[in-house]
Amino acid sequence: MGRIPASCIYIIVYLLSCTGLKLSKIFYIQILIFGTLSCLLGAANSGSAEQKGCVSRYYGDDSIVCVCNATYCDTLEAPQKGPIGAYALYSSSKDGLRFRHSTGNFSSTPSKESKAGTIVFTVDRTIRYQKVIGFGGAMTDAAGINIASLSEGAQDLLLRSYFSEEGLEFNVVRIPMGGSDFSTRPYSYDDESMDVNLTHFKLAKEDTKYKIPFLERLIKMSPKEILLFGSVWSAPKWMKTNGDFIGKGRLKDEYYQLWADYFIKFLNEYESRGFKFWGITTQNEPTDGNLPNFSFNCMGWTADQTRKWVAENLGPTLHANGYEDLQLLVMDDSRFSLPSWPNTLFADDLVKKYATGIAVHWYVDFVLGPRVLNETHYLHPDKFLMYTEACNGDLPGEHNVLLGSWLRGEKYAHSVIETMNNWVTGWVDWNFALDLTGGPNWAKNNVDAAVIVNASADEFYKQPMFYALGHFAKFVPNGSQRVDLRGEEKVENAKATGDVEGIAFVTEENSTVVVLLNRGAEDATAVISDPERGELTENLPANSINTFVYY
Ligand SMILES: *[C@@H]1O[C@H](CO)[C@@H](O)[C@H](O)[C@H]1NC(C)=O
Ligand SMILES: *[C@@H]1O[C@H](CO)[C@@H](O)[C@H](O)[C@H]1NC(C)=O
Ligand SMILES: *[C@@H]1O[C@H](CO)[C@@H](O)[C@H](O)[C@H]1NC(C)=O
Ligand SMILES: *[C@@H]1O[C@H](CO)[C@@H](O)[C@H](O)[C@H]1NC(C)=O
Ligand SMILES: *[C@@H]1O[C@H](CO)[C@@H](O)[C@H](O)[C@H]1NC(C)=O
Ligand SMILES: *[C@@H]1O[C@H](CO)[C@@H](O)[C@H](O)[C@H]1NC(C)=O
Ligand SMILES: *[C@@H]1O[C@H](CO)[C@@H](O)[C@H](O)[C@H]1NC(C)=O
Ligand SMILES: *[C@@H]1O[C@H](CO)[C@@H](O)[C@H](O)[C@H]1NC(C)=O
């Protein structure tokens, strides 16, 4: 509910004054006219709440975070539906813009003379590609622990930043099934040795304290349907060939069925608490557990072992227990496994029947180009591709947390554009929130996150990565469809060529959304050419992300 516009007080004063107070007639009339006008204007404006701006803090040149606490946090209001021919533009940049909102109109006459380096992006809504599932992150134990370390008010604003109508409106949440490295200890849901009937299976205190309470709150504040999916890092030690959560080891052959039963127990436990999962992945990074001495929770699988387990155990068990509508995502690993893993898995008709998607992690994307995504799509066009994990600060020698790094935000935006231009349907970040050291992580595998919590100050810092994801998540809801966008330089200028890239979507409400990323250190001029609307020309600031929305 908005506040009563202050001007409405004038009307109340007027009405009260009519009941007997003696003031001059002229004064009455002035109050009446001014009051009525400003009251009406105020009421008209109160429909769109004021966007709250970023309270910026610098950690070195150009390294800007937005500071939030228990009483203040910047917001992002949804764009109002504009008239045909108008567009809204939201810009964030290295030099400090955060979702700066402006508007403009298409021009029906093409711009006569384009400046050097102008790039013309042509939207073609008749050429359509994949539908979008959505955007999100992971409610790891570490994320929950960090959120819980804040006061109630700050917790609320953090969750609202991601999930509410005044935030990014994320709609996907990944839930580790048991421990991951982003926990304070390694564990599973049944650490009782040789519990072959899973009699002692139970959720951990981390679920009831750090995951479930925040899931309840974020689902309540979200205007969108939240799609939950689970991923597991390791089976109980006693089910594994190496008897440990870490290192090289795999599921013992005799526990293939028990391991499928374990998944059902997990889904049932969450369902009994009111959480119906949208999906699960077969195993987080199955190749980790094939590496000698791997340092955190893992379990090794080959593609063929996974094929056998899905076909003979997991698939039939999900169906027999009422989970036939659950999305089953295979692989959950880096591009190195494309397209060989899907090829092996989907060569089996049973796997083809049970599994619906292919989950990909971003960690080797800088080594291996996006071509394998496109290739995989054409080999398995009925299986959706989804990015299920990404983070910065994981490489040796890198700062784990780099407060305010624009480059890290830019890498996120570039990844979304590159992967979604190659058939990826959703993009899911890793930890929702980490502490100032990029933890807690029991295996010292600390990394960066879009939100960093400073518990001692009861503050949290929204990093450029947060805004980068917002440029997509907020404006490209579930059900949107990617459409063709072709970028072409009008005038030779080698410098600008590689620096600006983009992607376009049509939403279910028929708005067109174009996101343009300028990774160059100089401003660029972009033209968006739409066959039905005309052309618009905008300056893209140096190192900026720009979202255009129009009907
Ligand atoms: C919270 O942030 C707002 C805006 O920066 C500031 O005015 C207020 O003093 C802060 N509150 C505390 C308790 O620091
Ligand atoms: C766009 O066009 C409308 C209607 O002609 C006009 O009212 C508005 O001021 C224009 N906006 C801009 C930013 O030029
Ligand atoms: C979103 O997309 C997925 C996959 O296409 C679908 O399962 C889900 O029901 C959709 N709808 C909503 C409202 O999330
Ligand atoms: C597990 O259940 C089976 C069948 O109910 C039973 O025969 C077996 O003794 C149980 N094993 C243990 C260790 O409880
Ligand atoms: C793994 O650890 C063992 C025992 O600590 C050591 O002997 C071996 O060299 C290590 N292997 C690799 C590949 O690091
Ligand atoms: C994607 O793969 C298809 C089928 O092999 C091919 O025709 C197309 O050119 C590829 N697109 C890109 C962008 O590589
Ligand atoms: C975290 O908060 C403490 C207490 O207010 C402050 O001294 C410290 O500088 C903050 N850390 C960062 C990285 O801002
Ligand atoms: C969007 O456009 C399509 C085709 O032009 C039309 O069939 C559909 O009803 C429109 N949807 C909305 C919500 O306006």
Side-chain angles (χ1 to χ4, degrees), residues 54-61 63-73 124 127-130 146-147 149-151 153-154 158 241-249 287-296 298 300 335 338-340 342-343 358 360 365 368-385 393 396 399-405 408 414 417-425 433-439 443 446 448-466 482-488 498 501-504:
C54 166
V55 173
S56 54
R57 186 177 295 166
Y58 285 73
Y59 291 91
D61 293 348
S63 295
I64 303 169
V65 300
C66 299
V67 180
C68 298
N69 60 24
T71 54
Y72 188 89
C73 197
D124 187 345
I127 303 178
R128 300 208 167 205
Y129 302 91
Q130 78 276 22
N146 286 311
I147 298 170
S149 73
L150 292 165
S151 66
L158 193 160
T241 53
N242 61 335
D244 205 347
F245 289 122
I246 63 172
K248 182 175 173 172
T287 52
D288 289 355
N290 296 331
L291 305 172
N293 299 353
F294 194 80
S295 66
F296 59 83
C298 59
R335 277 182 195 170
L338 292 177
S340 60
N343 287 353
I358 303 161
V360 189
D365 287 6
L368 195 59
R371 192 185 45 81
V372 288
L373 296 169
N374 180 59
E375 189 185 344
T376 303
H377 166 76
Y378 281 99
L379 287 166
H380 309 286
D382 56 337
K383 305 300 173 196
F384 64 85
L385 284 159
H399 289 279
N400 299 139
V401 173
L402 208 48
L403 284 172
S405 166
R408 290 184 176 186
H414 169 69
I417 291 172
E418 180 195 80
T419 60
M420 289 200 150
N421 273 332
N422 284 279
W423 296 100
V424 166
T425 59
L434 291 175
D435 67 20
L436 290 166
T437 71
N446 295 31
D448 213 342
V451 168
I452 295 294
V453 167
N454 186 350
S456 64
D458 195 30
E459 287 176 344
F460 61 95
Y461 309 132
K462 285 154 73 171
Q463 302 247 58
M465 287 178 274
F466 174 92
R482 183 166 76 85
V483 297
D484 203 53
L485 182 73
R486 243 158 311 133
E488 204 183 341
E501 58 186 337
I503 191 163

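Atoms within each ligand, like the ligands themselves, are counted from 1 in listed order.
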(request) Run the numbers for me: atoms of ligand 7, each under 4.0 Å from some heavy atom of Leu403, listed by number. (result) 13 (C)
(message) Strictly distance-based, threshold 3.5 Å: is any side-chain N or O of Arg482 a donor or acceptor partner for the main-chain N or O of Asn421?
(response) yes
(message) Tell me the protein heavy atom at minimum distance from atom 10 (C) of ligand 5, and give that distance in Å.
(response) Asn293 ND2, 2.4 Å
(message) Between Ser63 (side chain only) and Tyr58 (backbone N and O only), is there a donor and an acceptor less than 3.5 Å apart?
(response) no
(request) Using modelled atom types only, decide if a donor and an acceptor are shared between the side chain of Asn400 and the backbone of Leu436 within a distance under 3.5 Å. (result) no
(message) Can you confirm whether the thiol sulfurs of Cys73 and Cys68 sit closer than 2.5 Å?
(response) yes
(message) Return the closest protein heavy atom for atom 9 (O) of ligand 6 as residue, atom name and distance.
(response) Asn374 ND2, 4.8 Å
(request) Note the single closest protein heavy atom to atom 8 (C) of ligand 7, along with its residue, its atom name and the distance in Å. (result) Asn454 ND2, 3.8 Å
(message) Is the shortest side-chain heavy-atom distance between Val401 and Leu434 below 4.5 Å?
(response) no
(request) Do me a favour and list the nearest non-hydrogen protein atom to atom 4 (C) of ligand 7 with residue, atom name and distance? (result) Ser456 OG, 3.6 Å
(request) Scan the protein's non-hydrogen atoms and note whether one is under 4.0 Å from atom 2 (O) of ligand 7. (result) yes
(message) Please list the nearest protein heavy atom to atom 14 (O) of ligand 7 with its residue and the distance rounded to 0.1 Å.
(response) Tyr59 OH, 2.8 Å
(message) Side chains of His377 and Asn422, heavy atoms from C-beta outward: is any pair under 4.5 Å?
(response) no
(request) Please report which non-hydrogen protein atom sits nearest to atom 5 (O) of ligand 7, along with the residue it belongs to and the distance in Å to one decimal place. (result) Ala457 CB, 3.4 Å
(request) Report yes if Tyr378 has an N/O atom closer than 3.5 Å to an N/O atom of ligand 6; otherwise report no. (result) no
(request) Verify, without hydrogens or angle tests, whether Asn446 (side chain) and Thr437 (backbone) share a donor-acceptor contact under 3.5 angstrom. (result) yes
(request) Tell me which protein heavy atom sits closest to atom 13 (C) of ligand 5, plus the residue, atom name and distance to 0.1 Å. (result) Pro292 CB, 4.0 Å
